Amino acid sequence: MTKAIKPEASFLDPAKDSQSVKVNGCLLTFNHLSKVYWPEDRITKRDMFNYYDQVAEYMVPYLKDRPMSLNRFPNGIYGPSFYQKNVKDKVPGCMATMPHTNDKGEEKEYLVATNKASLLWMASLGCIEINPWFSRVQSAGNPDFCVIDLDPDKQHFDQVVSAAQEIKKVLDAIGVTAYPKTSGSTGMHIYIPLGAKYTYDQSQMFAKIIVSLVHKQIPEYTSMERMVRKRGGKMYLDFLQNRPDATIAGVYSLRPKPGATVSMPLSWDEVKPGLTMRDFTIHNAIQRLKETGDLFRGVLGKGIDLEKTTEKAQSIFQ
DNA sequence: GGGACGA
DNA sequence: TCGTCCCAACGCAGA
DNA sequence: TCTGCG
Ligand SMILES: [Mn+2]
Ligand SMILES: [Mn+2]
């Protein structure tokens with residue numbers, strides 16, 4: 001008798017349009033599973049939940065203990081979307097939250113991710129994209145990493161690659177290891193580990209120093225101007241995102257873009273002309289992860305020494 | 001997406 | 001038990 | 001003070 005080769009069972013039943021599942025002891029309900037979220041690609045909510053179920057083991061370490069911004073697309077990538085930060089009175093008891101009082105003195109509750117259930121609950125609200133803070137609740141004012149965010153205007157992705165390589169040159173010169181990923185949209189993100197040793201202000205100052213040096217090298221096609229109209233169509237070297245309460249799409253996040261692209265970590269030797277955001281999607285991300293493993297592991301490791309590094313930058317670049 | 005409301 | 005309505009961010013750079 | 005920005 002031959003054993004039938006059974007395909008690995010997916011997280012959700014392909015035949016059901018609604019399903020409740022207990023995850024980390026938390027009962028989650030998934031509705032409208034056949035609703036198409038990416039119409040060109042015929043990708044459904046069910047596909048999205050199955051992706052986050054499978055990617056969770058790689059992704060959760062980058063979500064754990066982090067306050068979250070929810071960017072919700074309850075009707076797919078072309079439907080209206082909105083941000084949600086306050087989850088007061090809307091969150092199941094099994095989810096963790098953090099009290100937050102804003103400038104106006106209003107008391108809010110931010111979701112704090114803890115495990116796979118947190119990830120799947122966000123997804124169930126229509127969060128195609130997953131947006132974690134750069135810091136954890138235990139050290140809310142101290143980011144684990146500094147991010148240099150490359151935001152092209154109309155440039156070809158090869159131009160983004162060139163700018164990323166320029167950033168690597170500067171960081172190499174001062175002995176800093178950095179970790180690149182595609183944003184999954186039009187740009188790239190470069191992470192520098194900080195080990196929660198510095199403030200957001202210090203992190204932002206460091207990003208500004210790096211970006212200034214890079215801009216000096218390639219002023220023809222990059223800009224540090226915050227005002228879009230003052231950029232003159234050049235690629236924005238965004239260092240201002242290093243502040244509390246600000247987020248970007250996290251590593252392994254899907255994006256609400258045609259192709260169901262994923263924000264994917266890269267090795268620096270992949271940062272070469274010809275690379276595109278379309279290289280990494282809901283279809284091939286899990287397979288790639290099985291091959292490459294988690295290329296972002298170093299991001300949560302021991303951080304750099306900002307004082308020494310800044311000094312070195314000053315001595316080398318005057 | 002989901003909760004509150006009234007028909 | 002429906003259909004409809006309504007709600008769901010934020011801080012700050014820089015002008 | 002207000003708007004643009006991501
Ligand atoms: Mn960006
Ligand atoms: Mn940006």
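Quick caveat: nothing in here was measured; it's all calculated off a predicted structure. Reminder, nothing fancy here: chain letters follow the sequence lines and each chain counts from 1.
The CZ-C1' distance, from A:F239 to C:dC12, rounds to 12 Å in whole Å. Spacing between atom CG of A:D245 and atom P of C:dG11 amounts to 6 Å, rounded to whole angstrom units. Separating the CE atom of A:M68 from the C1' atom of C:dC10 is a distance of 16 Å, rounded to the nearest angstrom. Atom-to-atom, CD of A:Q241 to P of C:dG11 comes out at 14 Å; the value is rounded to the nearest Å. Rounded to whole Å, atom P of C:dC12 lies 15 Å from atom CG of A:D238. Counting to the nearest Å, the P atom of C:dA15 and the CE atom of A:M227 are 7 Å from each other. A:Q204 places its CD atom 7 Å from the P atom of C:dA13, with the value rounded to the nearest Å. Here C:dG14 presents its C1' atom at 13 Å from CZ of A:R229, a figure rounded to the nearest Å.
A heavy-atom distance below 4.5 Å is not found between the side chains of A:M68 and A:W133. At a threshold of 4.5 Å between non-hydrogen side-chain atoms, the residues A:K16 and A:F30 do not count as touching.
Between A:E106 and A:K108 there is a salt bridge, since a side-chain N of the basic residue sits under 4.0 Å from a carboxylate O of the acidic one. Contact check on A:D153 versus A:K234 returns no salt bridge, with no Lys/Arg side-chain nitrogen under 4.0 Å from an Asp/Glu carboxylate oxygen. Between A:K85 and A:D245 there is a salt bridge, since at least one side-chain N of the basic residue sits less than 4.0 Å from a carboxylate O of the acidic one. A salt bridge is defined here as a Lys NZ or Arg NE, NH1 or NH2 lying under 4.0 Å from an Asp or Glu carboxylate O, and A:D201 with A:R243 fails to meet this definition.
Within 4.0 Å of A:S69, counting heavy atoms only, lies no atom of the nucleic acid at all.
If you check residues 82-114 of chain A against DNA chain B, you find no residue with a heavy atom closer than 4.0 Å.
In this structure, A:R231 satisfies the cation-pi test against A:Y236, with its NZ or CZ atom closer than 6.0 Å to the six-membered ring centre and inside 45 degrees of the ring normal.
Think of the region where chain A sits on DNA chain D: with heavy atoms and a 4.0 Å cut, that region ends 5' and 3' at D:dG4 to D:dG6.
Of the C1' atoms belonging to B:dG2 and C:dC10, the separation is 23 Å, rounded to the nearest Å. Across D:dG6 and C:dA8, the matching P atoms stand 24 Å from one another, rounded to whole Å.
The list of ring-ring contact (aromatic ring centres under 6.0 Å, His included) pairs with a residue in residues 170-193 of chain A, not counting sequence neighbours, reads A:F145-A:Y191, A:Y191-A:F296.
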Show your working on salt bridge (Lys or Arg N to Asp or Glu O under 4.0 Å) between A:R288 and A:E291 and close with a plain yes or no. CA-CA 5 Å; A:R288 171 181 165 91; A:E291 291 159 13; over 6 Å; no

